[in-house]
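Below is one structure, written out as structure tokens; the observations come after it.
Letters A, B, ... mirror the listed sequences (proteins, then strands); counts begin at 1.
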Amino acid sequence: MSTTPNIDAIHDLLVAIGAAKGKTKLELLENFVKDADETQVDYLKRLLKFWFDDQVKFGITSKQLPKQLTDFSVAHVTEGNDLDSDYFIAMREIQLATGTGATDRRIKMLEDIRTKYEQPVLKWSLWALDKNLKIGIQASSVNKVIPGLLSEFGVMLAHPFNVKKVSGWPRMIEPKLDGMRTLVVVDTVDWVVDFYTRAGNPIPSLVPMTMEVIDFVRVVMDEKEMGRIVCLDAEATSGSFNESVSALRSDDPIEEGTLHVFDVLGLPGTNLLEASDAQLEEMGTQRQRRKLLEAAFKAYKETNKPKFLELPGSYWAASEDEIWAMYEAARNNGLEGLIIKDPDAFYRKKRDYAWMKIKAEETMDLQIIGFFEGTGAMVGTLGGIVVDFKGEQVKVGSGFSLSQRGELWEALNADMEKTAGRQVMGMLAEVQYQEVTPAGSLRHPVFKRLRTDKAEISW
DNA sequence: GTACTAGAATAGGGACCGTA
DNA sequence: TACGGTCCCTATTCTAGTAC
């Protein structure tokens with residue numbers, strides 16, 4: 001193994017990981033980190049942060065670049081230098097560029113990189129911009145080999161309801177609210193409050209809730225000893241889903257809205273990203289955390305009149321029948337659905353069967369009026385179909401198996417070459433969706449099947 | 001051997017924001 | 001002012017690995 005930062009060595013490693021299967025991928029990375037020269041490993045770590053860390057952003061993607069920069073079929077003449085610290089400085093400058101002409105300056109810096117280094121380095125830079133390597137590993141896998149290298153911001157998520165996954169009765173039932181998931185992180189030493197989405201991005205519009213959050217967290221800390229960091233897991237709403245997204249995604253401070261706080265965590269460190277499962281278990285079970293929230297809300301309301309904070313209802317179901325009865329009632333009350341929780345489960349930063357969700361599902365039979373090719377691994381096969389919903393063209397790209405994509409792609413292309421005797425174009429497709437959007441399209445459309453048995457449009 | 005799980009990858013509508 | 005990109009919400013399938 002080379003002792004100087006060597007482009008070929010890192011290039012070979014990436015090619016090998018891309019070609020490997022299963023845990024061999026991580027073994028290759030592990031061996032490289034173990035065997036390679038310290039400087040080489042240091043450079044690799046910095047590259048991994050560029051490629052996988054969502055917090056490391058460049059403000060431009062390869063889509064915005066001129067063709068000649070992204071066309072690797074043409075051989076570029078380069079100076080062929082080894083990787084050096086100048087490269088990382090250049091990438092940092094791309095990150096920091098702002099204002100008028102920032103895009104042009106970024107492109108210029110990438111052109112300089114192309115001129116100075118061997119070809120793989122430009123490709124690595126484009127991967128960093130797009131956060132898309134397609135070598136079959138992502139941030140969580142990298143962190144298994146090099147713990148703590150990349151920011152991993154995770155909240156607990158629910159699986160679709162499956163009664164076989166219910167480990168016992170009763171279950172806790174909470175409403176499923178249709179807004180934006182919000183994690184409120186409170187540093188109780190410096191009294192700094194940050195609002196994050198479930199991907200770990202800040203939500204500046206919620207700043208007006210800061211004082212109320214601080215007052216509430218003080219009450220929580222009176223009820224129970226917490227770590228330095230107190231997190232409130234919540235759903236933020238401000239009217240309908242679209243209205244909520246509009247208000248919350250804006251940079252302007254929110255005026256009206258509700259923070260439905262359904263979980264509370266106390267953590268010892270200063271960084272939520274580092275919270276371990278063991279630390280999360282110290283906060284107790286779902287039942288215990290809910291009890292703490294209820295006590296805190298009760299105490300808080302004795303001396304305060306909350307403007308934003310709200311405790312969503314929580315109920316008990318002793319059987320599947322009771323769950324479905326509650327679901328019907330929830331739907332009649334205009335709720336999106338229910339969350340079913342295991343009262344004995346600990347909080348986890350991942351999708352977990354301790355939480356399950358029931359949501360409304362509807363389907364319609366709609367006419368196929370077009371189709372489009374896939375991207376990435378789906379180039380050369382069907383990306384999706386376009387259906388007609390009351391004059392609105394709705395693209396449906398999810399729900400196909402690989403074999404369906406292949407068959408439909410072939411049939412639809414053949415249909416395009418003839419005007420008569422078309423096989424698939426014009427047929428009906430059963431499409432599942434969550435709701436009709438205010439704009440008259442379909443939210444979360446999913447292909448279910450071709451309706452070979454009927455020709456009558458649902459609506 | 002079968003069933004399940006986790007991770008990675010594909011796809012959608014629609015909102016705001018920065019840049020052209 | 002329009003448009004492209006990003007980021008919210010989300011769905012699904014496929015593969016490799018693990019549990020039963």
Would you indicate what A:K25 reaches in the nucleic acid, counting non-hydrogen atoms under 4.0 angstrom: base, sugar-phosphate, or nothing? nothing
For B:dG12 and A:Y433 - does any side-chain N or O of the residue sit under 4.0 Å from the phosphate oxygens OP1/OP2? no
Residue mapping more 5' on DNA chain B - nearest nucleotide basis, A:G397 or A:S250: A:G397
If you look at every strand shown and take non-hydrogen atoms under 4.0 Å, does A:G384 touch a base, only sugar-phosphate, or nothing? nothing
With under 30° as parallel and over 60° as perpendicular, where do the rings of A:Y87 and A:Y117 fit, or are they tilted in between? perpendicular
Closest to the side chain of A:I137, out of B:dC4, B:dA8, B:dA6, is B:dA8
Under 4.0 Å: is that the gap between some side-chain N or O of A:S246 and OP1 or OP2 of B:dC16? yes
If you look at every strand shown and take non-hydrogen atoms under 4.0 Å, does A:R198 touch a base, only sugar-phosphate, or nothing? base
Hey, does A:S244 reach any base, or is it just sugar-phosphate, or nothing, if we go heavy atoms under 4.0 Å? nothing
Looking at the side chain of A:K359, which of C:dT10, B:dC16, B:dA6 is the nearest nucleotide? C:dT10
A:Q138 vs B:dA9: side-chain N/O to OP1/OP2 distance below 4.0 Å: yes
Nearest of C:dA11, B:dT5, C:dT10 to any side-chain atom of A:V446? C:dA11
When the nearest nucleotide of DNA chain B is assigned to A:Q393 and to A:D251 on a heavy-atom basis, which residue is associated with the more 5' position? A:Q393
Does the distance from a Lys or Arg side-chain N to an Asp or Glu carboxylate O, for A:E320 and A:K164, drop under 4.0 Å? no
Check: C:dC8 base within 3.5 Å donor-acceptor of A:R249 side chain: no
Ignoring the backbone of A:T437, work out which of B:dG7, B:dG13, C:dC9 is nearest its side chain. B:dG13
By the 4.0 Å heavy-atom rule, please label A:F400 as base, sugar-phosphate, or nothing. sugar-phosphate
Quick check, are the ring centers of A:F216 and A:F297 under 6.0 angstrom apart? yes
Is it true that, when you exclude A:E27 itself, more than 12 heavy atoms of the residues, nucleotides or ligands shown sit nearer than 6.0 Å to its CD? yes
Side chain of A:H444 only, heavy atoms from C-beta on: which candidate in B:dG14, C:dC9, B:dA6 is closest? C:dC9
Contact under 4.0 Å: A:K395 side-chain N or O vs B:dG13 OP1/OP2: no
Measure from the side chain of A:S401, starting at C-beta and using heavy atoms only, and say which of C:dT12, C:dC14, C:dC8 lies closest. C:dC14
Decide whether a cation-pi geometry holds between A:K357 and A:F161; the criteria are a distance under 6.0 Å from NZ or CZ to the six-membered ring centre and an angle within 45° of the ring axis. no
Could you tell me whether A:L442 contacts a base, only the sugar-phosphate backbone, or nothing, with contacts defined as non-hydrogen atoms closer than 4.0 Å? sugar-phosphate
By nearest heavy atom, map A:F447 and A:V245 onto DNA chain C; which one lands nearer the 5' end? A:V245
If you check every side-chain atom of A:S141, which of C:dT10, B:dG7, B:dA11 has the closest atom? B:dG7
Counting side-chain heavy atoms from CB outward, which of C:dC8, B:dA11, B:dG13 is closest to A:M180? C:dC8
I need the CD-P distance between A:Q432 and C:dT10, as an integer number of Å. 14 Å
Respond yes when some side-chain nitrogen or oxygen of A:N242 is under 4.0 Å from OP1 or OP2 of B:dG14, and no when none is. no
Just how far, in rounded Å, is C1' of B:dG13 from CD of A:E392? 10 Å
Check for me whether the distance between the ring centres of A:H159 and A:Y353 falls short of 6.0 Å. yes
Counting heavy atoms from C-beta on, name the nucleotide in C:dC9, C:dC8, B:dA11 closest to the side chain of A:T197. C:dC8
